[in-house]
Amino acid sequence: MTEPYFLLDDLPAGDSGVLEGPEGHHAADVQRLKAGERLSLTDGRGTVLSSTVTAVAKGRLEYTVDERENVPAAEPALTLVQALPKGDRGERAVQEATEIGVDSVIPWQAARSIVQWKGARGEKSRQKWASAARESSKQARRPWLARVEELHTTKQLVKRLERADQVIIAHEEAEYPLSRAPLAESGEIAVVIGPEGSMTPEEVEALSRFATPVRLGSNILRTSTAGPAILAVLQARLGRW
């Protein structure tokens, strides 16, 4: 049986600790772990503790650390640039991309995005994406938490992606299919997914200066499906799957 997996902001430096708060409630009251049972804990920054429960009370449990592992971050890192879609498709894309192994998600306010993130409501929407990434990271037992960056305009996105080692954009006239396109071996690979109404010519021109266009076959994928589909292919081509 797979050990229960818990995500904490901070892990104990010593050989024992106490699991409290929402994770403690889930462990003690929902999963009803008992003394002697095993569990794993991570800080989402690469450290994983394999532990044993020593005592349980309402809403909390105590544990000893049997093994401490520091897992290196994936190389190259994978970033998904997701144009804001309608409804819950954005959260769905973040959830699936996180399970597949994305390292960072950039919400993009594209020119043709119907949804607009503004003010407090916009930040609330971004937090929903961040919560989806956190919960999916935990469900997938990831030692590194997928991050959701701040909302980017096209101008901000171009400046941000200039730092990436490779930028991939799906395009029906691309020379290479995704399965044969050259890939960066280190640094960061960013995957750009446009909105339902597609990118404007100005956006394509701005990103094409440093992007690798790829073909995805003849099928038209939804904006919430395209990103996870590309990431899955990249994981296989990078030898991780």
Side-chain angles (χ1 to χ4, degrees), residues 74-86 89-94 96-98 100-118 122 125-126 129-130 133 146-238:
E75 182 78 12
L78 299 179
T79 295
L80 172 63
V81 177
Q82 177 65 61
L84 303 185
K86 296 181 293 185
R89 292 176 183 170
E91 292 172 57
R92 193 184 318 155
V94 171
E96 294 176 0
T98 299
I100 290 169
V102 78
D103 297 288
S104 184
V105 178
I106 301 176
W108 175 28
Q109 188 73 67
R112 291 174 176 166
S113 292
I114 297 175
V115 174
Q116 300 283 320
W117 283 6
K118 294 182 179 180
S125 296
R126 193 192 72 83
W129 284 30
R147 298 175 293 107
V148 176
E149 300 185 23
E150 297 298 320
L151 176 68
H152 283 55
T153 63
T154 299
K155 183 178 180 180
Q156 292 169 328
L157 180 63
V158 170
K159 187 174 181 179
R160 165 66 175 83
L161 292 183
E162 287 177 343
R163 306 199 308 264
D165 295 84
Q166 183 175 14
V167 179
I168 291 175
I169 300 178
H171 197 284
E172 65 273 12
E173 298 180 1
E175 179 181 358
Y176 293 101
L178 177 59
S179 60
R180 292 197 295 110
L183 296 180
E185 297 181 356
S186 61
E188 177 188 26
I189 299 177
V191 175
V192 180
I193 303 301
E196 284 96 341
S198 74
M199 292 184 282
T200 65
E202 293 77 15
E203 290 169 338
V204 173
E205 180 180 0
L207 293 171
S208 293
R209 291 188 293 106
F210 49 83
T212 301
V214 299
R215 296 197 310 271
L216 299 183
S218 58
N219 293 350
I220 302 300
L221 304 182
R222 288 183 180 273
T223 184
S224 57
T225 305
I230 293 175
L231 290 168
V233 174
L234 293 181
Q235 289 286 55
R237 292 200 54 203
L238 291 169

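Here the shortest heavy-atom pairing between A133 and V148 reads CB-CG2, 4.0 Å. The two residues R112 and T200 come nearest to each other via the heavy atoms NE-CG2, 3.6 Å. When every heavy atom of V158 is checked against every heavy atom of A206, the shortest pair comes out as CG2-CB, 4.0 Å. Listed here is the closest heavy atom pair of P107 and E150: CD-O, 3.6 Å. Pairing each heavy atom of A83 with each of A110, the nearest pair is CB-CB, 4.1 Å. Among all heavy-atom pairs drawn from G90 and P85, the shortest one is N-CG, 3.2 Å.
Using modelled atom types, one side-chain atom of Q166 and one backbone atom of A184 make a donor-acceptor pair closer than 3.5 Å. Here the side chain of R89 pairs no donor or acceptor atom with the backbone of S224 at under 3.5 angstrom. Here the side chain of T225 pairs no donor or acceptor atom with the backbone of L221 at under 3.5 angstrom.
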Item to check | Steps toward side-chain hydrogen bond (donor to acceptor under 3.5 Å, both in side chains) verdict (T223, Q82) | outcome: CA-CA 8 Å; T223 184; Q82 177 65 61; 2.9 Å; yes
Next on the checklist: Go through it in stages, so that I can follow the logic: the residues are R222 and E196, the test is salt bridge (Lys or Arg N to Asp or Glu O under 4.0 Å), and I'd like the CA-CA distance, side-chain angles, deciding distance and then a yes or no.
Outcome noted: CA-CA 7 Å; R222 288 183 180 273; E196 284 96 341; over 6 Å; no
Item to check | Criterion salt bridge (Lys or Arg N to Asp or Glu O under 4.0 Å) on R163 and E188, from CA distance to verdict | outcome: CA-CA 8 Å; R163 306 199 308 264; E188 177 188 26; over 6 Å; no
Item to check | side-chain contact (heavy atoms from CB on, under 4.5 Å) between V192 and L161, worked out | outcome: CA-CA 10 Å; V192 180; L161 292 183; 3.8 Å; yes
Checklist entry - Step by step, would you call T153 with Q109 a side-chain hydrogen bond (donor to acceptor under 3.5 Å, both in side chains)? => result CA-CA 5 Å; T153 63; Q109 188 73 67; over 6 Å; no
Item to check | Step-by-step side-chain contact (heavy atoms from CB on, under 4.5 Å) determination, R147 to D103 | outcome: CA-CA 6 Å; R147 298 175 293 107; D103 297 288; 5.7 Å; no
Next on the checklist: Quick one, R209 with E162, criterion salt bridge (Lys or Arg N to Asp or Glu O under 4.0 Å). Give me CA distance, side-chain angles, the key distance, then yes/no.
Outcome noted: CA-CA 10 Å; R209 291 188 293 106; E162 287 177 343; 3.7 Å; yes
Item to check | Worked verdict on L84 versus W129 for side-chain contact (heavy atoms from CB on, under 4.5 Å) | outcome: CA-CA 11 Å; L84 303 185; W129 284 30; 3.9 Å; yes
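One distance of note links NZ of K155 with CD of E203; it measures 14.5 Å at 0.5 Å rounding. Note that NZ of K86 and OG of S113 are 11.5 Å apart. Values are rounded to the nearest 0.5 Å.
Separation of the W117 and W108 ring centroids does not fall under the 6.0 Å cut-off.
When side chains are defined from C-beta on, I193 counts as touching L80, because their heavy atoms get closer than 4.5 Å. Proximity of L178 to L234: side-chain heavy atoms (C-beta onward) are separated by under 4.5 Å at one or more points. By the 4.5 Å heavy-atom criterion applied to side chains, L238 and L78 are counted as neighbours. Proximity of R160 to T79: side-chain heavy atoms (C-beta onward) are separated by under 4.5 Å at one or more points. Side-chain contact between L183 and R237 is present, with at least one heavy-atom pair separated by less than 4.5 Å. Between M199 and I169 there is a side-chain heavy-atom pair separated by less than 4.5 Å. Side-chain contact between T212 and V167: absent, with no pair of heavy atoms (C-beta onward) separated by less than 4.5 Å. Between R215 and Y176 the shortest side-chain heavy-atom distance does not fall below 4.5 Å.
A 6.0 Å sphere centred on CD of Q156 holds more than 12 heavy atoms belonging to other residues, nucleotides or ligands.
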